[in-house]
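Remarks on the structure that follows.
In what follows, chains carry the letters A, B, and so on, assigned in the order in which the sequence lines appear, proteins first and then strands, with residues in each chain numbered from 1.
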Number of protein chains: 4
Amino acid sequence: MNGQNLRSLEHEARARLEPAVYDFFAGGADDEVTLGANESAIAALRLLPRVLRGIGEPRLGLDLFGTKLASPVFASPTAFHKLAHPDGETATARACAAAHALYVVSMAATTSLEDVRKVAPEAALAFQIYLQPDRGFTEALVRRAERAGVAALFVSVDSPVFGRRERDLRNGFTDLPPHLACENMRGNDGVVRSITFSSSASWDDIDWLRAKTDLPIVVKGIAHRDDAAIAVRLGVAAVMVSNHGGRQLDVMPAAIDLLPPIADEVAGRVPVLFDGGVRRGTDVLKALALGATAVGVGRPILWGLAAGGGEGVARVFASLDDELRRALTLCGLGSIGEASRAIVMAGAAR
Amino acid sequence: MNGQNLRSLEHEARARLEPAVYDFFAGGADDEVTLGANESAIAALRLLPRVLRGIGEPRLGLDLFGTKLASPVFASPTAFHKLAHPDGETATARACAAAHALYVVSMAATTSLEDVRKVAPEAALAFQIYLQPDRGFTEALVRRAERAGVAALFVSVDSPVFGRRERDLRNGFTDLPPHLACENMRGNDGVVRSITFSSSASWDDIDWLRAKTDLPIVVKGIAHRDDAAIAVRLGVAAVMVSNHGGRQLDVMPAAIDLLPPIADEVAGRVPVLFDGGVRRGTDVLKALALGATAVGVGRPILWGLAAGGGEGVARVFASLDDELRRALTLCGLGSIGEASRAIVMAGAAR
Amino acid sequence: MNGQNLRSLEHEARARLEPAVYDFFAGGADDEVTLGANESAIAALRLLPRVLRGIGEPRLGLDLFGTKLASPVFASPTAFHKLAHPDGETATARACAAAHALYVVSMAATTSLEDVRKVAPEAALAFQIYLQPDRGFTEALVRRAERAGVAALFVSVDSPVFGRRERDLRNGFTDLPPHLACENMRGNDGVVRSITFSSSASWDDIDWLRAKTDLPIVVKGIAHRDDAAIAVRLGVAAVMVSNHGGRQLDVMPAAIDLLPPIADEVAGRVPVLFDGGVRRGTDVLKALALGATAVGVGRPILWGLAAGGGEGVARVFASLDDELRRALTLCGLGSIGEASRAIVMAGAAR
Amino acid sequence: MNGQNLRSLEHEARARLEPAVYDFFAGGADDEVTLGANESAIAALRLLPRVLRGIGEPRLGLDLFGTKLASPVFASPTAFHKLAHPDGETATARACAAAHALYVVSMAATTSLEDVRKVAPEAALAFQIYLQPDRGFTEALVRRAERAGVAALFVSVDSPVFGRRERDLRNGFTDLPPHLACENMRGNDGVVRSITFSSSASWDDIDWLRAKTDLPIVVKGIAHRDDAAIAVRLGVAAVMVSNHGGRQLDVMPAAIDLLPPIADEVAGRVPVLFDGGVRRGTDVLKALALGATAVGVGRPILWGLAAGGGEGVARVFASLDDELRRALTLCGLGSIGEASRAIVMAGAAR
């Protein structure tokens, strides 16, 4: 690994991964319009610095769900880490723990949540789930998450049906190789179930879930301000703005364009999490300034993992934190809490 | 045929067709500015989804001119299907019938309307005409359409003169090969007339036509809201927003940009049909959301036909319907009637 | 010549001309920003047609300076026609006469105005001059123009200094070859003077000129509406909006963007002429719709001349008139006078 | 040297310089977004000329800090001139003196300010510093500047931390070669200190500095209008709008986009200096028109120096002054003071 930045980690990862696996991680739905827009839209924003603020060293830390984090950057849930590197999710977890960063373990992890916890007993973990039509199975998962001591439950609400990713169709990439499995989908009977995506899921399911657990619930995949309002009204612990990395509905707006109206709507009543297109510390700062409390990265974690296992993931956090620290300093901001919308300007369409 | 989407069908078609024939189908007027704008303008729009709506399976069906259709996607009139595939319009008709989709047979079909009907007795057919200065000939055509049991008459009003397509001039593509003919232009005498384009046609001709037939009349090629208003006042059954696929006046606005003001003007008094640049189910949904009742595709039908005959045309409908169903699901819409302008956003000009 | 359009004539011209001569004609000032913007800005505009207007054949003719012209398209003044073709300005003049189009002969013509008139006794000619510090010389030129029976005097006001064209500097193109000369600059003594560009010229010189001649005076090179207002107040016969084909001040706005405010300012009191980036009949129609009375083409005349002498110039007028006629027909306009701003829309910035 | 313009000087410089040195001079922070935006944003602006103003020869001169300058173009501070050419800063100084242009010597010069003054006793010099945590060292520098008779002290306020330039990281370019040093950082003990960048610097340091010297103080690197207001309130002699050539905080707005609000804020109370992306005389005029009193160039000085030593730097001033003179003439402006915001238009986003 000799990457100067996240981009070079991606290049290394691409060189190491089987093309079909690279495509599975890198690709998006249909024409990948949203995939591209996520990065270009956030890159097009500009930051307007102040000078001579005498800030000293800026502070990156925050409290989230009662957990102390060293940085607002967190690992968004992504599937199949063992496809990126044999160490899989355990490497990711150790690196996150070392960085004091939140790791949202995916329901589609190739390591069970229990095994993840085992290797990283101090890590700030959260767990992501898709609501399963079999409520008994969902409830069992929630119990496992509780026992694993996760800080929050991220419920993906942007997947009433599986997004169509044409790279995978072209590559014939349909499933995990036989030696790997979605370990969180393994029932008591030892059988691994498929994840079901259901267009019948509704806000009633969120109500049901809230009644079943005291874990903080984050609805992940909110795009419309009115849905954020519903979520807050139903008592969720946080909303997460995301378009699933452009992998579900292609032609959705760039994630960063979804953030300001939702931040306005939520108006600080609960944290607003965000992911989509973040590749630089300045991107993190832009999202914070537009109302995000914490900022997730998905694919970069996978590139780090593929490029260098746990060390590669550590590099991702080190790189983003270092860049974020420099961006805050250059903007004259003493802490992430000082970022406000006033420092963000639209870039000219030139 | 192994196309993942309409784009790959076009590639297959291009590989199979004689270049001059491909160019005749693919090309537009002059510099093809409008041709390109049709696709890029609709692609640039964004869809903003809602979540957790519990919609189940979305419904695509609708009633149009008293006819039940399984999908809002229909086959816009296009000329010379036998140039695309020896089976020509009969293959198209069978595929449309199987898909329960409307097929608007072209006046410039290489199969007579009667022969089209013969192979597809249950198909939802409509018939497209250019008003001929010889009103007797026009009337005879209308009678044939009535006898063929078409659901509606589409009158093209965007062709007071033939568009200048420089690809055809460069290729020396001037006419059909001798074994093919515009069969609907064959008179009782067996002689095939040329289609006449006349700049003397006026709204009086629409009045005249309405008096001559009880068939629902659709004026096709409306670009200006004031013309939509005139059409509705004169009692047409529907207006169709179209710039003729960029083949008539180059530098016309992209078709999708014409739709909202016309939908506003018509205000639901009659259906508003639309074509121009639709290549994805999300494009169909965008047009519906902006006010279209049904959405035509022209060139994709020809690419399907060229790539695989009737099976290729079936693939076009299957692909668009599948994509539209997924787009509705991902947007949280239970039926095409729930699409509204609120879900459409302009994409950033980045 | 087998050009389908003006673009193909340029390709032919480029193939025939010595590169340094091609560059002299084709080039613009500095970075050629304005040169490129002229074409791209007019191309980016859209036309919104009306249908079923029953217009029949549209009329292109107009009266200008008491002269009947068959078309609003005219030949803008351009230098050194004999560099494009040995027949030079006489070929241009004959072709313009045959097309019943106005030809504005350049002060920097390689044929004297008298010789131009001799070969085209019926042509609608005008004469372009730069105001010379030697008023006696200027006055002598005006007398020659009067004797040659020109319809108007075009005074270039955008050249207080010569534009810097880096193509010519790179090519070492500094002057005409010895066998050619600016024949209109030949004094009674047979000596050819250089054209002087003076930053001391002022509106007083226009006053002086008006007092010296009854010829209609057109100020050519107006960019600012306030200058148009001054010109009208001083009694000019017409103003001409032009940025000298991007050859004087680079980074001027595209010519078409200058037109609407000036047309507003002039408000029909005198004709507003226009040139800059017109390459299609639809471009002509756009300029007419935005307030131009007549529309000049510069480089296309030179490409026609280089590609085929007088026949090539004839091709330019035939092509543009044919395209303009088709554009009017497709827009539902019965004559050039019916073009109004309502038919022009900004193209999307996609 | 045979450059037609600054661009060709850069090409020559690139051919002569070691790639890592070229990259050090040419590069910017992170993704070089701001670096590119500086040039493209200023290039995208348009100038709207007036005609027939009878201005004669336009005047470029101005008074700044009580010093007469022949042109508003000045040499912005840039580091390490001996890396560009063995003659280094002395060549720059001589060329600036000959052009009667202001030269802002960098704290990171490879020639001491005293040696610069020695070779150019008549030059209009200014001196740029970063505020050092060791106030004694800063004060000693100020005394040296006073003794060298500089016209003003430019205090860089945009560098609370060093910008991260990935080209240098990739090239392993970390420091000057052993035979060169930052001569202004050499203490009385003969030892060269490193320049310290401190995020603890504040407006109090400006207050302290003002109390220590009567030299006019220019705060360089102002981006926000509120910071300009603070600076004026604290009694600075001028503010300088700059984003450090895109070398500090990447994703800052283009420098030219920062200028108008700051010029509004300052409202003529003190001069507003500017640099960022100026490559043409028309760029200088745009900045003047948007409120700049004088306009700096950074990299072009280095390209001139690398391409031809002092002669190359002279070429830069000659070229820009010549272009500025032509631009003023073509705009109908008799002096730089006549430039106003009214002549600047946004270019279309086409």
Side-chain angles (χ1 to χ4, degrees), chain A residues 2-9 11 39-59 256 277-287 289 318-320 322-335 340 342-350, chain D residues 29-31 33-34 36-37 39-45 131 155-170 197-206 219-228 230-231 234 243-244 248-254 256-258 261 346-347 349:
Chain A
N2 49 23
Q4 312 292 351
N5 54 44
L6 267 54
R7 211 56 81 195
S8 30
L9 278 179
H11 290 309
E39 291 193 19
S40 61
I42 199 165
L45 298 175
R46 301 282 171 265
L47 292 172
L48 185 61
R50 302 298 301 268
V51 298
L52 293 174
R53 314 286 282 186
I55 55 162
E57 182 80 351
R59 294 176 302 284
I256 197 70
V278 170
R279 300 295 177 264
R280 283 283 187 189
T282 44
D283 295 337
V284 177
L285 180 49
K286 288 167 180 176
S319 191
L320 284 174
D322 178 56
E323 290 179 1
L324 174 58
R325 204 171 286 117
R326 188 179 300 104
L328 286 164
T329 306
L330 289 168
C331 283
L333 300 170
S335 70
S340 77
I343 66 166
V344 182
M345 291 171 59
R350 288 183 272 248
Chain D
D30 293 3
D31 297 315
V33 168
T34 297
E39 291 194 19
S40 62
I42 198 166
L45 298 175
L131 292 166
V155 183
S156 290
V157 296
D158 56 7
S159 304
V161 66
F162 193 61
R164 193 167 180 274
R165 298 155 201 172
E166 299 189 355
R167 295 202 208 194
D168 296 344
L169 298 173
R170 278 196 301 273
F197 300 93
S198 164
S199 59
S200 299
S202 75
W203 289 105
D204 289 345
D205 294 288
I206 302 295
V219 282
K220 173 173 180 287
I222 297 292
H224 198 291
R225 62 185 300 158
D226 291 353
D227 282 336
I230 294 172
L234 293 187
N243 55 28
H244 211 121
Q248 286 295 108
L249 174 67
D250 197 27
V251 308
M252 273 186 71
I256 197 71
D257 291 336
L258 300 171

Approximate separation, where rounding is to 0.5 Å, of D:L258 CG and A:M345 CE: 6.5 Å

Which of D:A201, D:S159, D:A223 touches chain A most, by non-hydrogen pairs under 4.5 Å: D:A201

Portion of D:D31 that has a non-hydrogen atom of chain A nearer than 4.5 angstrom: both

Pairs of heavy atoms under 4.5 Å with chain D: top-ranked of A:E57, A:R53, A:R326: A:R326

Contacts of type salt bridge (Lys or Arg N to Asp or Glu O under 4.0 Å), residue A:R7, not counting sequence neighbours: A:E39

Taking every non-hydrogen atom, the tightest pair across D:I206 and A:L52: CG1-CD1, 3.6 Å

Engaged part of D:D226 at the chain A interface, taking heavy atoms whose separation is under 4.5 Å: both

For D:P253 against A:L48, the heavy-atom pair lying closest together: CG-CD1, 4.2 Å

Contact class of D:V33 relative to chain A, heavy atoms under 4.5 angstrom: side chain

Set of side-chain hydrogen bond (donor to acceptor under 3.5 Å, both in side chains) partners for D:D30, sequence neighbours left out: none

Euclidean distance, A:L330 CG relative to D:M252 CE, rounded to 0.5 Å: 9.0 Å

Nearest atoms (heavy-atom pairs only) where A:V51 meets D:G221: CG1-O, 3.8 Å

Toward chain D, the part of A:R280 with a non-hydrogen atom under 4.5 Å: side chain

Considering all heavy atoms, the nearest D:L249-A:A327 contact: CD1-CA, 4.2 Å

Exercise: identify the closest heavy-atom pair between D:S200 and A:G56: OG-CA, 4.0 Å

